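All remarks here apply to the structure that follows.
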Amino acid sequence: MSKKKTNRKKRRPGKDKLVLIYHDMAVYEDFERCANRLFEMVRDCARKFPGKPRGLFMDVQGHRNIEGGFDHDAWELMSEFIPNVLFPYLTEMSTPLLHARNGKAQREDVPDHVEFFPPLDGTQFEYDVLKSETRSRPEINSARATPPSVEQIADYLGLSDPCCLICWATPVERAHALPRALDGSHSLANFALLCKEHHREAPDVADAEAFWKWIDYASLRDSSRRMTLIEEKLKVPAPEPKSDPEPEKSEFFAKVIAELKALHEWKDDDFQGGKWGEILTEYYEVLHQKTGKHFGIEAKVSTHAWAMDIARRRISKNTRATDQGPVETALELVTACLQDKASLEELTDHCTRRLVPVLSDPRDAERVQYLLADLGNDRERALQILEVTVTALRPIDRPEGRSGP
C-alpha cells in the first residue's frame, strides 16, 4: 500500500532555529555596563553555537526622561550600539525602539572585546573627578515636594511587586540615588527600593551614577539571596535587622579594600607607592565635602570606597604621564597625520617607544596601544579618537585658591 503524499516538507533538525539572546536593561545599568554585557552575550553565543542564526531581544526598565521617552543611555544603546556594532553578528534584533532582520548573512568573526572612547564632540560622559559636582539622572517630576509612593517607584523600576532591587526581600524602603543632603530631588528617577539592610549599605555620595553602579555590584554580590528566597518560599517575614555596631577600623578598612578591588577595579599596586599619601590626603577632602550621612552611620564601606576611588582618579588625572614631552609630541604627530603631513609609521613608533613607557596608568597605555592597532582599519576615526585620548593625558590645573573638592 503506497504512502499518501502530502505537501509537508521535511525539515532538517535544528535548521533555521534562532538562538535567542535576551537581556532586560535594568535601571541600575548605564550604557557602558549594558553594552559590555550585550556584546559578551553575542560573542559567547557565537562561540558556543557557531553558524547558528542569532537573535537579540532586549527590554528596558526605567531609563526615562522628563518627556517620557528614553534617556540618553538607553537611546544610544538602541539607536547606535546595537544596530551599528552588534547587528552585523545577528540575524534578528528586537528592542522597544525597533525590530529588524538582517538582510545579509550574519558574520561569525565576533572580536574578543569592545572598547569605549569619549565622544569626538568633546561631550563629558564621565564623572568630573576634579570638580566633583553633584550629578543626577534626568529628572522626572523633580519639582514635587513629597517622594513618590513605593508602588510608583516599583512600576518605574519594572518590578511587578515592591521588593529590594538587590535581594528581592520585603519590606522595602525608598532610597535616594542622590541624597537629599546633597540636593537630591524627589524625582521618580532618583529612587531605588531597598531592604533596610541594603539601604544602610548603599553609598551617600555626590554622583548618582556611582550609587546605581553600587546597586549593580551588590545585586551580583548578593545574588544567592534571591535564590534563597525562592527556594525557601518564606511564609513569615524575616526579623528586622538590628543596628550593627560600628566595625573595628582594621575590619572596616579590609572591607573598603575588598570593595575597591571588586567594584572600582583597583589593583594591589594602587595601594602602594609614593602616591598613597597623596591619595589619602585627597580622600579625606572628598569624604568631607562630597558625601552624606544616612541613618547617622559614620562608616559606610560603599561611601568610603567611592571617596577613595575619586581621590585616586583625581591624582591620576594630574599625573597621568611622568613626562609631558612625549604627550605633546604625540599630539603634534596626530595633527600632522590628520593633515597628511606625517606618516602613521612615525606616529606608531613615537607612541610605542616614547609615549607608552611614561604613562603611569596601565589602562591608558592599553588604550593607546589598542588605537594604534586600529589605525589600519579606520584611519581617520582612529586618529580622531587617539587625539581625544592623548589630550586627556595632559594635567588639568585646579582653580587657584581651591582648598577642597
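Nothing here was measured: the structure is a model prediction, and the numbers come from that model. Note that the numbering runs from 1 along the sequence shown for the chain.
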* Are Thr91 and Gln106 close enough, and set up right, to give a side-chain hydrogen bond (donor to acceptor under 3.5 Å, both in side chains), and what steps lead you there? -> CA-CA 6 Å; Thr91 294; Gln106 70 176 20; 2.9 Å; yes

* Walk me through it: do Phe191 and Arg174 pass the test side-chain contact (heavy atoms from CB on, under 4.5 Å)? => CA-CA 6 Å; Phe191 281 94; Arg174 293 170 292 197; 3.8 Å; yes

* To do: Test Val110 against Phe39 for side-chain contact (heavy atoms from CB on, under 4.5 Å), laying out the working first.
  => CA-CA 9 Å; Val110 186; Phe39 172 80; 4.0 Å; yes

* Give the C-alpha distance, both sets of side-chain angles, the deciding distance and a yes or no for side-chain contact (heavy atoms from CB on, under 4.5 Å) between Met78 and Leu98. => CA-CA 8 Å; Met78 293 186 288; Leu98 57 93; 5.9 Å; no

* To do: Carefully, step by step, assess His176 and Asn190 under the rule side-chain hydrogen bond (donor to acceptor under 3.5 Å, both in side chains).
  => CA-CA 6 Å; His176 285 85; Asn190 194 41; 4.7 Å; no

* Does the salt bridge (Lys or Arg N to Asp or Glu O under 4.0 Å) test come out yes or no for Lys213 and Asp207, once each step is laid out? -> CA-CA 10 Å; Lys213 184 179 180 181; Asp207 180 18; over 6 Å; no

* To do: Could you go through the side-chain contact (heavy atoms from CB on, under 4.5 Å) check for Asp309 and Tyr283 one step at a time?
  => CA-CA 8 Å; Asp309 184 58; Tyr283 152 74; over 6 Å; no

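Glu29 and His63 share no side-chain donor-acceptor pair at under 3.5 Å. Side-chain contact of Asp24 with Gln61: a donor-acceptor pair under 3.5 Å is present, judged by distance alone. Residues Glu332 and His350 have side chains that never bring a donor and an acceptor to within less than 3.5 angstrom of each other. Side-chain contact annotation: Asp222 with His198, donor-acceptor N/O pair under 3.5 Å present. One side chain, Glu259 or Trp214, offers a donor N or O that lies under 3.5 Å from an acceptor on the other. Tyr22 and Asp59 share a donor-acceptor pair across their side chains, judged by distance under 3.5 Å alone.
Closest of all the heavy-atom pairs between Pro179 and Val205 is CD-O, 3.4 Å. Nearest heavy atom pair, residue Arg54 against residue Val42, reads CD-O, 4.3 Å. Pairing each heavy atom of Val172 with each of Cys164, the nearest pair is CG1-N, 3.3 Å. Minimum interatomic distance between Leu165 and Trp212 (heavy atoms only, all atoms of both residues): CD1-CZ3, 4.1 Å. Shortest non-hydrogen contact noted between Leu182 and Thr134 is O-CG2, 3.5 Å. Across Met25 and Cys34, no two heavy atoms sit closer than the pair CG-SG, 3.7 Å.
Salt bridge status for Arg180 with Asp204: absent, with no side-chain N to carboxylate O gap under 4.0 Å. Ion pair Lys255/Glu251 flagged as a salt bridge, since at least one NZ, NE, NH1 or NH2 atom sits closer than 4.0 Å to an Asp/Glu carboxylate oxygen. The existence of a salt bridge linking Glu201 and Arg221 is confirmed by a sub-4.0 Å separation between a basic side-chain nitrogen and an acidic carboxylate oxygen. A salt bridge links Arg225 to Glu197: at least one charged side-chain nitrogen sits closer than 4.0 Å to a carboxylate oxygen.
Using a 4.5 Å heavy-atom cutoff, the side chains of Tyr89 and Pro111 are in contact. Counting only heavy atoms from C-beta outward, the side chains of Phe57 and His23 never approach each other to under 4.5 Å. Between Asp374 and Ile385, the closest side-chain pair of non-hydrogen atoms is not below 4.5 Å. Using a 4.5 Å heavy-atom cutoff, the side chains of Phe252 and His304 are in contact.
The CG atom of Leu97 sits 4.5 Å away from atom CH2 of Trp75, with the distance rounded to the nearest 0.5 Å. Once rounded to the nearest 0.5 Å, the distance linking CD of Glu92 with CZ of Phe87 reads 8.5 Å. The CG atom of Leu90 sits 11.0 Å away from the CZ atom of Arg101 when rounded to the nearest 0.5 Å. Going from atom CG of Leu38 over to atom CG of Leu56 covers 5.5 Å, rounded to the nearest 0.5 Å. If you take CZ on Phe49 and CD1 on Ile21, they are separated by 9.5 Å, rounding to the nearest 0.5 Å. Expressed to the nearest 0.5 Å, how far CE of Met58 lies from CG of Leu86 amounts to 10.0 Å.
Legend: residues meeting salt bridge (charged side-chain N to carboxylate O under 4.0 Å, His left out) with Asp349, ordered by chain and number and at least two apart, are Arg353. Residues that satisfy the ring-ring contact (aromatic ring centres under 6.0 Å, His included) test with His113, not counting sequence neighbours, are Tyr370. Here Cys163 pairs with Leu159, Trp168, Thr170 under the side chain to side chain contact (heavy atoms under 4.5 Å, CB included) rule; sequence neighbours left out. In this structure, Asp155 has no side chain to side chain contact (heavy atoms under 4.5 Å, CB included) partners at least two apart in sequence or on a different chain. Listed by chain and residue number, Arg137 satisfy the salt bridge (charged side-chain N to carboxylate O under 4.0 Å, His left out) test with Glu209 (two or more places apart in sequence, or in another chain).
Arg354 CZ: 12 or fewer foreign heavy atoms inside a 6.0 Å radius.
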Check residues 333-340 and write down every donor-acceptor pair under 3.5 Å in which the side-chain atom is one partner and the other belongs to a residue at least two apart or another chain.
unit_1	atom_1	unit_2	atom_2	d
Thr335	OG1	Leu331	O	3.0
Asp340	OD1	Arg379	NH2	3.3

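Geometric assessment of Arg64 against the ring of Tyr156 yields a negative cation-pi assignment under the 6.0 Å and 45° thresholds.
With hydrogens and angles disregarded, a donor-acceptor distance shorter than 3.5 Å links the side chain of Ser223 to the backbone of Leu220. Asn65 contributes a side-chain N or O that, together with a main-chain N or O of Phe70, makes up a donor-acceptor pair within less than 3.5 Å. In this structure a side-chain-to-backbone donor-acceptor pair under 3.5 Å is missing from Lys261 to Lys267.
Using the six-membered ring where Trp is involved, Phe81 and Phe31 have ring planes that are perpendicular, over 60° apart on the 30 and 60° scheme.
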